[in-house]
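Report on the following structure.
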Amino acid sequence: MATILETKQALSDIRNELRKEQQHGVELARNPDATLEEITVQSALLDTLQAREALLMRDLERQESEGRNRAEKGMQDRKPGSSFGCMGEFLKSVRDACTPGTSADRRLFRVADTATGANEGTGADGGYLVPPEYADGIIDLVRGESVLYPQARKVPISGNRLIEMYLAESSRKDPSSGRHGGVLAYWKGEADQYDAVKAQFGERTTNLQKLTAYCPVTEELLEDYPAMEATINDLVGREFAFKADDAMLNGTGNLMPLGILATNSGTPAQNNGALVTIDKESGQAAKTLMFENIIKMYNALIAQNRSNAAWYINQDLEILLMQLTMPTGSIKSTGDSAVEKIVGQSGAPVYLPAGAYGNAEARLFNLPVRPIEQCGALGEKGDIVLMDASQYLWIERTGITRQSSMHVRFDYDETVFKFTWRAGGRPDWMNKIEAYKGTTARSPYVCLAERA
């Protein structure tokens, strides 16, 4: 089911397309050479787009209505194991417990009693554990708002880090000790001696990091339980979703997850050794995109990962993609490169905007194109990335902890709530792979180099 954000985006897209087709219809009506068939087809297209717009508007109204009602129903529909009607009621009780001269709500201690492991249920420093169902609600919103996080390979852990073994594979060539980590097979004759093989394993550690959200809330909202729940879920969930996606793409590995684009100087733990970076073309102008860039990126993506891969772009890149065409003409040799350069006149477009041929998402080489804010600015490394996001490891501890203070913003009549999410991550592949035949390095993570 689409999220409210996805529905709003789809509605915006259909309205843009409708305006474009309406303008085309006006031009067609003014054209004395237009045939009756062309006008009929255009009229039918406008009817279809208007019907789709009406359906999306109705769906959006339903989603927003359900969102408003969900918090209000929480007061009556208490969840199993919870003594609070909604998250807003819980947060108000925490605020009251932190206020001098006010007795603590006993339900806060029942929440602490059900928590596993160490927790802050005593409230000595104003902190209480968010009841699991409300913490899960924020994580659900993260999943709905995030682009990359829902696709990652998730491993829940109970400690502070995950230590695991991996096969050290760097080459597919024969003879090689790299394919399948050194587990190789050989054709032999009768009575021939077997070749000894030994798998090469490495050990890696992925540490939990701490993501926090700082949320001041007015006294008026604290008195309005349903509004409080909607506000907290929206603000914290959206920000956690944004930061999770940003870390998966740009994380440095220092006090945060290691990102796909990480190529920092320093320790290997702060570099994605599996990233393939495609160089710009000779003489390529700044802040441009060429057909050769795209085909080389596509070629560098490991074939078995293509079915689950997508292009992630800075939205400014859409303007260049819409003008990108496949050249036609003679083939010019470029030496040992696996990709030949085509010179000649411009040909067919290679980018299909959403809805162009009934496709729900924009597509490039028949793979989805997803604009996300976290991609680099136009011309920077990472403004376009081709990857299989399921090849990213994400670890997390269950639940979100929170603390509150009424003193930080006392003179503004606000109470501050602070949420903490213990999570970490890194690219699942440790290095790029040399092809079995040829010299091209391939990976599930491919980006285009800077064109500045």
Side-chain angles (χ1 to χ4, degrees), residues 1-69 144-147 150-151 289-291 294-295 298 306-329 342 344-373 375 378 384 386:
M1 179 181 293
T3 64
I4 290 180
L5 185 64
E6 290 170 338
T7 303
K8 286 182 177 179
Q9 183 61 53
L11 184 58
S12 175
D13 293 341
I14 199 68
R15 284 173 172 168
N16 289 336
E17 186 177 359
L18 182 58
R19 282 192 293 269
K20 180 183 70 174
E21 294 302 334
Q22 285 172 336
Q23 179 61 34
H24 179 59
V26 171
E27 294 171 356
L28 199 62
R30 293 174 178 173
N31 184 1
D33 297 326
T35 65
L36 178 60
E37 182 181 2
E38 288 176 326
I39 295 174
T40 303
V41 169
Q42 183 66 21
S43 178
L45 176 59
L46 289 174
D47 289 343
T48 301
L49 292 174
Q50 288 170 345
R52 288 173 60 187
E53 180 189 27
L55 287 173
L56 287 170
M57 288 178 62
R58 187 169 60 188
D59 191 36
L60 180 60
E61 289 173 358
R62 176 187 58 78
Q63 288 177 305
E64 291 178 337
S65 176
E66 289 176 354
R68 287 190 297 268
N69 293 336
E145 294 290 334
S146 174
V147 177
Q151 304 173 63
L289 185 66
M290 299 177 64
F291 179 70
I294 300 300
I295 57 178
Y298 185 81
R306 287 177 181 168
S307 61
N308 200 42
W311 303 88
Y312 300 92
I313 66 168
N314 183 299
Q315 193 165 342
D316 288 342
L317 210 72
E318 285 181 327
I319 299 174
L320 301 182
L321 285 173
M322 289 180 181
Q323 303 175 66
L324 193 66
T325 58
M326 180 184 297
T328 59
I342 303 173
Q345 301 299 315
S346 294
V350 295
Y351 172 74
L352 298 178
Y357 292 96
N359 46 308
E361 288 187 287
R363 303 191 80 82
L364 179 63
F365 281 21
N366 204 33
L367 295 179
V369 179
R370 295 167 182 162
I372 58 174
E373 292 182 81
C375 276
L378 182 61
I384 178 169
L386 175 60

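On a predicted model such as this, the values are computed, not experimentally measured, just so you know.
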Point to revise | CZ/R370: more than 12 non-hydrogen atoms of other groups inside 6.0 Å | key: yes
Exercise for review: Check whether any side-chain heavy atom of Q50 sits under 4.5 Å from a side-chain heavy atom of Q22, and report yes or no.
Suggested key: yes
Review point. Measuring from R363:CZ to L352:CG, what's the distance to the nearest 0.5 Å?
Key: 9.0 Å
Point to revise | L378 side chain near L320 side chain, heavy-atom distance below 4.5 Å | key: yes
Practice item. Enter the distance from M57:CE to I14:CD1 here, rounded to the nearest 0.5 Å. Key: 12.5 Å
**Study point:** pair E27-H24: side-chain heavy atoms closer than 4.5 Å
**Key:** yes
Check your understanding: Considering only heavy atoms from C-beta outward, does the side chain of L46 approach that of Q42 to under 4.5 Å?
Key -> yes
Point to revise | Pairwise side-chain contact, I294 with V350, heavy-atom cut-off 4.5 Å (strictly under) | key: no
Exercise for review: Answer yes or no: is there a side-chain heavy-atom contact under 4.5 Å between Q23 and R19?
Suggested key: no
Exercise for review: Measure the shortest side-chain to side-chain distance between E37 and T40 over non-hydrogen atoms and say whether it is less than 4.5 angstrom.
Suggested key: no
**Study point:** Contact summary for C375 and Y312, nearest pair of heavy atoms
**Key:** SG-O, 3.3 Å
Check your understanding: What distance separates W311 CH2 from L321 CG, expressed to the nearest 0.5 Å?
Key -> 9.0 Å
